[in-house]
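Taking it in order: structure first as structure tokens, then the write-up.
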Amino acid sequence: MTISQNSVGNAITELLGIVVKRIADEDAYGRAEGPLIQQLLELRSRLIRANLGTPIPTAKWTTG
């Protein structure tokens, strides 16, 4: 099964039990994007190490 980015976002929202108020703020997004991506990549690596999924190669994500 392939999980889309939207599905991951929905799962995170359900897991946290919150919906974030969205405000168009490119500067704030730019500051938060890098650290958030790093946290998600670490989570991805942990899931792979725990054998809870199979990584798929894409232009942005390595097979890890």
Side-chain angles (χ1 to χ4, degrees):
M1 169 174 63
T2 300
I3 300 174
S4 70
Q5 290 178 351
N6 191 46
S7 295
V8 171
N10 291 344
I12 291 170
T13 299
E14 289 183 28
L15 177 66
L16 296 175
I18 61 170
V19 175
V20 177
K21 181 177 179 185
R22 295 181 184 189
I23 299 172
D25 185 340
E26 288 185 36
D27 292 331
Y29 182 81
R31 289 189 303 273
E33 182 181 24
L36 176 59
I37 294 297
Q38 289 306 310
Q39 288 177 342
L40 291 172
L41 287 171
E42 174 57 29
L43 174 60
R44 178 181 186 268
S45 294
R46 292 172 67 183
L47 291 170
I48 293 167
R49 284 193 303 269
N51 198 30
L52 295 174
T54 302
I56 56 172
T58 69
K60 300 272 182 186
W61 304 93
T62 64
T63 57

query: Roughly how far, to the nearest 0.5 Å, is CD of E26 from CD of E33?
result: 11.0 Å
query: Roughly how far, to the nearest 0.5 Å, is the CG atom of D25 from the CZ atom of R31?
result: 6.5 Å
- request: Using a cut-off of 6.0 Å, state whether more than 12 heavy atoms not belonging to E42 lie near its atom CD.
  value: yes
field: Heavy atoms of other groups near R49 CZ, more than 12 under 6.0 Å
entry: yes
query: Side-chain contact, heavy-atom cut-off 4.5 Å: L40 with R44?
result: no
- request: Would you please name every residue forming a side chain to side chain contact (heavy atoms under 4.5 Å, CB included) with L47, sequence neighbours left out?
  value: L43, L52
